Structure formats: structure tokens, C-alpha cells
Amino acid sequence: MMAAVTFAWAAGALVVFVASFVMGLTGSGIALVAMAFLPYVMEPATAIVLLTIYALAFSLVVVVQLRRDLTPRALVDLALGTLAGTPPGVWLLASLPVSLLNRLIGAVLVLVVVLEARRALPERVHGRGWALLAGFLAGLVGGAVGTPGPPVIVYATTQGWSPRTMKANIMGFFVLNQGAILLGYWWAGLLTPPVLTLTAALALPAVAGALVGMALFGRLDPVRFRRVVFALLLVSGLVLLIRG
């Protein structure tokens, strides 16, 4: 039993380190990478809550660093949308069986990879409706399977923001989004002492991964690295989708 627990912790620590490294390197992706593998070593709901805590903490750090590039007005409609989408997402996480939740995670991962491969993203959108929709989808998907990034990142790429403003606004949104989702998890009884204990136990590899990623930012070939990451996401997403 002790060997199994030790192996599970080591596997979880490795996944969290790699996922945090990706976030430190690119500014996003911790949940997308980690949820491709963590369901093999812990309950999906536990992994989702744990990653939400890390994502909130990392986003706060980035927002403080880029606070002068933040445009709060751009976050209003995104925040309103995410407040509407979070409750049904949290309900799905609390209600669905593990096998179905695994398949939903796999489906989201495969969808993200397909969109990336086909470059099926709009170049420019206007109007409050798009922001509300992106925020709603981020709250829904984030609450249910812990991956709120794709909808808001797609929306951000259509707004003509500078790279620093885009990163600041996305991280600012994640602070609001992940904070709202964590409140929902607490209300649904998912923010339990065992989950918090596991979060603390894996905090060191999470912080180490993020620091290494930030240190290597700009030194690695981003195109090749992105291809490797999305290839891993596709394989794991297909496995989760088929096996459940």
C-alpha cells in the first residue's frame, strides 16, 4: 500500500511539474496538460479542484507583475459570462460518474487539438455577446472539467491586444474565473481537507515547474514545443475518451 501511495504521489508530482512548467513557459495550459494524465493517478474531481487552486495562485502572480498592462474594462463581460456558466459546470463535476467525466475531459482535449491543427479560430470578433459567450463557456467547461482556457484564449486572440496586454487580461480573467469556480467547489462540498492536503503536498513541484518554465521562456523553440505538447494531449485525450 505504501509503495502504491508513493508511486501515485511521484507520478502526480511529475505531471504537476510538467504542467506548471508549460504554464510558466507559455502563460497557460496547466489544466490542459495535467488533466491529460492526472486522472490515471487520482480521482478526476480531485485533480480538477487541485489544479484550479494552482491556476488561481499562478494567475495572481502574473497579474501583479503585469498590472500596468491590464485593462479591467475588457474583463467585465467575460466575468459576467463566467458567473453564469460556473454553477452548471460545478453541478456537472459534482454529479457525473467518474467514467463519464473522464470521457468529457478526453473530448475537450481532442477538440482543443483539432481546433489547433485546423487553425479554426476567427481572426476578429466584435460586440459584447462574444465576450459573454466566451466567459460563459470558460465558466461551464472550467467548472466541469477544469479547462477554462480555450474559450477565453480564442476570444483574446480576436481583440487586437498587444502580447503583454493579452497575457495580462487572460490572467486577470483567470483570477476571476478560478476564484468563482473555487467558490462553487466549496459550495458543492468538493473543496475538502484531503484535497487541500494533496494540494499542499504537490505544491513544491508545481512552484518548481512554473519557475523553470519562466526561466526558460524565450530559449526554446516555441513552435516545436507546442507541437509536442499538443501531440501528447491528443494521445491522452483519445485514451480517456475510449477507456473512460
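Count residues from 1 along the sequence. Remember, it's a predicted structure, so these values are computed and weren't measured experimentally.
Remark: L191 CG to I181 CD1 distance equals 12.5 Å, nearest 0.5 Å. To the nearest 0.5 Å, the span separating OG1 on T86 from CG on L183 amounts to 9.5 Å. L78 CG to L133 CG: the interatomic distance, rounded to the nearest 0.5 Å, is 10.5 Å. Taken to the nearest 0.5 Å, the OG1 atom of T82 stands 4.0 Å off from the CZ atom of F173. From L83, atom CG reaches atom CG of L132 across 11.0 Å, with rounding to the nearest 0.5 Å. Interatomic distance, CG of L50 versus CE of M35, reported as 10.0 Å (0.5 Å rounding).
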Item to check | Residue pair T192, V49: steps toward the side-chain contact (heavy atoms from CB on, under 4.5 Å) verdict | outcome: CA-CA 9 Å; T192 61; V49 177; over 6 Å; no

Item to check | M171 vs L66, side-chain contact (heavy atoms from CB on, under 4.5 Å): CA-CA, chis, key distance, verdict | outcome: CA-CA 9 Å; M171 292 297 104; L66 299 178; 5.7 Å; no

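Shown here for K167 and V62, the closest heavy-atom pair between the two residues is CE-CG1, 4.2 Å. Here the closest non-hydrogen pair linking A94 and A188 is CB-CB, 4.4 Å. Taking each heavy atom of P148 and P151 in turn, the nearest pair found is O-CD, 3.3 Å. Taking both residues in full, the closest heavy atoms of G172 and L70 are given as CA-CD1, 4.2 Å, listed atom of the first, atom of the second, then distance. The shortest non-hydrogen separation linking A74 to W161 is CB-CZ2, 3.7 Å. Nearest heavy atoms, A34 versus P39: O-CD, 4.2 Å.
S59 places a side-chain heavy atom less than 4.5 Å from the side chain of M23. The shortest side-chain heavy-atom distance between I170 and M166 falls under the 4.5 Å cut-off. A heavy-atom distance below 4.5 Å is not found between the side chains of I30 and V33. With contacts defined as side-chain heavy-atom distances shorter than 4.5 Å, the pair R128/L80 qualifies. Counting only heavy atoms from C-beta outward, the side chains of L93 and V145 never approach each other to under 4.5 Å. Proximity of P205 to L14: side-chain heavy atoms (C-beta onward) are nowhere separated by under 4.5 Å. With a 4.5 Å cut-off on side-chain heavy atoms, W9 and L202 count as touching. Using a 4.5 Å heavy-atom cutoff, the side chains of I48 and Y185 are in contact.
Residues V61 and I53 fall into different hydrophobic clusters, defined by Ile, Leu, Val, Met, Phe, Trp and Tyr side chains chained together at heavy-atom separations under 4.5 Å. Hydrophobic clustering of Ile, Leu, Val, Met, Phe, Trp and Tyr side chains at less than 4.5 Å, counting indirect connections, unites W91 with L137. Hydrophobic clustering of Ile, Leu, Val, Met, Phe, Trp and Tyr side chains at less than 4.5 Å, counting indirect connections, unites L92 with W187. Note on L38: it clusters hydrophobically with L196, by side-chain heavy-atom contacts below 4.5 Å among ILVMFWY residues. If you chain together hydrophobic residues whose side chains sit under 4.5 Å apart, W186 and L60 fall into the same group.
Partner of F174 under the side chain to side chain contact (heavy atoms under 4.5 Å, CB included) criterion, chosen from L56, V152, N169: V152.
Between Y40 and F37, the ring planes are tilted. Angles from 30° to 60° get that label.
Side chain of S20 to main chain of A206: a donor-acceptor pair is present (N/O by atom type, distance under 3.5 Å, no hydrogens or angles).
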